[in-house]
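Everything below concerns the one structure shown next.
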2 protein chains.
Amino acid sequence: MALDTPSADSREYYTITDLTREFGVSTRTIRFYEDEGLISPLRRGRTRLFRQSDRRLLSFILRGKRLGFSIAEIREIKDMYKEPPGEAGQLRLLMAKVKEKRGELEQKRRDIEETLRELEQVEETSLARLAEIGVGT
Amino acid sequence: MALDTPSADSREYYTITDLTREFGVSTRTIRFYEDEGLISPLRRGRTRLFRQSDRRLLSFILRGKRLGFSIAEIREIKDMYKEPPGEAGQLRLLMAKVKEKRGELEQKRRDIEETLRELEQVEETSLARLAEIGVGT
DNA sequence: GTCAGGATTGACTTTAACGTAAATCGTGCC
DNA sequence: GGCACGATTTACGTTAAAGTCAATCCTGAC
């Protein structure tokens, strides 16, 4: 039998190549993330078995990459999602880090808005130019 | 006399170190961008003289970097800002590229919104936890 | 004119994030 | 029970984006 009974939509386990196909990354990339301690799939013998949680984690990592975060930064952000610490000092430290990341993200958002506005301007100018030269074509 | 009469706010020329201070990058970085053809400051002898336009260009480059774009991508985007071509085919090509970049940026924006929401969640949980353990401190 | 300190050049080094290749492993199928 | 084929491991290679270092060059101040 196959590794798993594919139940309609969400299966229990994914192979590494399943994920490479779904996310468009190489096996090397996924193994690299595992070496970096970002993902820890199960094993059957040597073969990796990725759970839904592993799959979501990979998705999270790739989202971070799209935003230009380094592996180290992604690890930092991931750590923020853990159960918050019980000690007040540690908690305040966490909150400071969260605040900093939020600041970075908001800066990125402003950068995006600006760039989008500029590109829209380019588009308009292009359309105008096209109308100009395209008259009668 | 100094290189330039500093007139209130915007001077005519900036030295390379002026820009390193303003933008928090190294001289090596700025020269690297020049080698890559992204900036072309004037020269007096060997010394670089950066105009306002060069300064704005540097700002643009660094904005791209913050968004995780590579030098090649930044060059591409920069080229889009040039006078649009007069030939219809080239113009359509440009518009296609603009559309693609806009798509990427909108994806990044969605990624940011998601991440921000998650971080806000972390913040809330942390505040709750702090209230819990911080009662009476 | 000389001298100190910033700017430049050129070359080599570094780091992150994978790519690539070779050899081994394992396992399901006939 | 042998074999084809995908997964793994190990190790070295590569690329982008600078960092670093040494030597030279200006140039304005004295």
Side-chain angles (χ1 to χ4, degrees), chain A residues 1-6 11 13-51 54-55 57-78, chain B residues 1-6 11 13-51 54-55 57-78:
Chain A
M1 193 180 78
L3 196 116
D4 178 53
T5 310
R11 303 152 35 179
Y13 295 129
Y14 300 85
T15 72
I16 195 167
T17 33
D18 287 340
L19 297 186
T20 64
R21 290 201 185 95
E22 177 173 1
F23 292 105
V25 297
S26 71
T27 59
R28 180 69 178 84
T29 297
I30 296 179
R31 294 199 190 101
F32 173 70
Y33 295 154
E34 184 179 357
D35 285 347
E36 291 293 313
L38 286 175
I39 309 187
S40 301
L42 294 180
R43 299 276 180 143
R44 178 168 53 180
R46 295 187 168 195
T47 304
R48 292 166 177 80
L49 297 180
F50 294 83
R51 291 154 290 187
D54 296 317
R55 184 176 158 281
L57 206 43
L58 178 58
S59 171
F60 164 78
I61 295 168
L62 296 176
R63 192 181 69 190
K65 293 248 72 187
R66 282 196 299 275
L67 291 178
F69 286 120
S70 69
I71 298 299
E73 289 174 306
I74 291 172
R75 198 192 337 265
E76 256 191 64
I77 300 176
K78 184 195 155 199
Chain B
M1 195 178 78
L3 195 118
D4 177 52
T5 310
R11 303 154 35 181
Y13 295 127
Y14 300 85
T15 72
I16 196 168
T17 34
D18 286 341
L19 296 186
T20 65
R21 289 203 185 94
E22 177 172 0
F23 292 104
V25 298
S26 71
T27 59
R28 179 68 179 85
T29 297
I30 296 179
R31 292 197 192 102
F32 174 70
Y33 296 153
E34 184 178 357
D35 286 347
E36 290 293 311
L38 288 174
I39 311 186
S40 301
L42 294 179
R43 299 276 181 144
R44 179 170 53 180
R46 298 187 163 192
T47 304
R48 294 166 176 81
L49 297 181
F50 295 84
R51 292 153 289 187
D54 297 315
R55 184 175 157 280
L57 205 43
L58 179 58
S59 171
F60 165 78
I61 295 167
L62 296 176
R63 193 182 68 192
K65 293 249 74 189
R66 281 195 301 272
L67 291 177
F69 287 120
S70 70
I71 297 299
E73 289 174 306
I74 292 172
R75 200 193 334 267
E76 256 191 66
I77 301 176
K78 184 194 155 197

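Note on naming: letters A, B, ... go to the chains in the order of the sequence lines (proteins, then strands), and numbering restarts at 1 for each one.
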### Query
What nucleotide among D/dT8, C/dT8, C/dA7 has an atom nearest to a side-chain atom of B/Thr15?
C/dA7
### Task
Check whether any side-chain nitrogen or oxygen of A/Thr47 sits under 4.0 Å from OP1 or OP2 of D/dG6, and answer yes or no.
no
### Task
Heavy atoms only: give me the nearest A/Leu49-A/Asp54 pair and the separation to one decimal.
O-OD2, 3.9 Å
#### Entry: Non-hydrogen atoms of A/Lys65 and A/Ile74 that approach each other most closely
N-CD1, 3.8 Å
### Query
Do A/Arg46 and C/dG26 share a donor-acceptor pair, side chain to base, under 3.5 Å?
no
### Message
Nearest heavy atom decides the nucleotide; on that basis, is B/Ile16 or A/Gly45 closer to the 5' end of DNA chain C?
### Response
B/Ile16
### Message
Would you say A/Ser70 places a side-chain N or O within less than 4.0 Å of OP1 or OP2 belonging to C/dA16?
### Response
no
### Task
Take the protein atom CD of A/Glu36 and the nucleotide atom C1' of C/dC18, then report the distance between them rounded to whole Å.
11 Å
### Query
How close or far is atom P of C/dA16 from atom CG of A/Leu38, stated in whole angstroms?
14 Å
### Task
Check every atom of C/dT8, D/dT8, C/dA17 against the side chain of A/Arg43 and return the nucleotide holding the closest atom.
D/dT8
### Query
What is the distance from CZ of B/Phe69 to C1' of D/dA16, rounded to the nearest Å?
16 Å
#### Entry: Gap separating the CD1 atom of A/Ile30 from the CZ atom of A/Phe23, nearest 0.5 angstrom
8.5 Å
### Message
Taking atom types as they are modelled, would you say the side chain of B/Arg31 forms a donor-acceptor pair with the base of C/dT9 within the 3.5 Å cutoff?
### Response
no
## Note on the structure
Assign each of A/Arg28 and A/Arg48 the nucleotide of DNA chain D bearing its closest heavy atom; nearer the 5' end lies the nucleotide of A/Arg48
### Query
Any donor and acceptor pair, going by atom type alone, linking the side chain of B/Ser70 with main-chain N or O of B/Glu73 inside 3.5 Å?
yes
### Message
So B/Ser26, base contact, sugar-phosphate only, or nothing? Heavy-atom distance under 4.0 Å.
### Response
sugar-phosphate
## Note on the structure
Here the distance between atom P of D/dA17 and atom CD1 of B/Ile30, to the nearest Å, is 16 Å
### Query
How long is the line joining CZ of A/Phe32 and P of C/dT20, in whole Å?
16 Å
### Task
Check the distance between C/dA16's P and A/Ile61's CD1 and give it to me in whole angstrom.
17 Å
### Query
What integer distance in Å separates A/Glu73:CD from C/dT15:C1'?
14 Å
## Note on the structure
B/Asp35 CG to D/dA18 P, in whole Å, measures 12 Å
### Query
C/dC18, C/dG28, C/dT8: which one has an atom nearest the side-chain heavy atoms of A/Tyr33?
C/dC18
### Message
Under a 3.5 Å distance rule, please check whether B/Arg43 uses its side chain to pair with a backbone N or O of B/Arg46 as donor and acceptor.
### Response
yes
### Message
Given D/dA18, C/dA17, C/dG6, identify the nucleotide with an atom nearest to the side chain of B/Thr17.
### Response
C/dG6
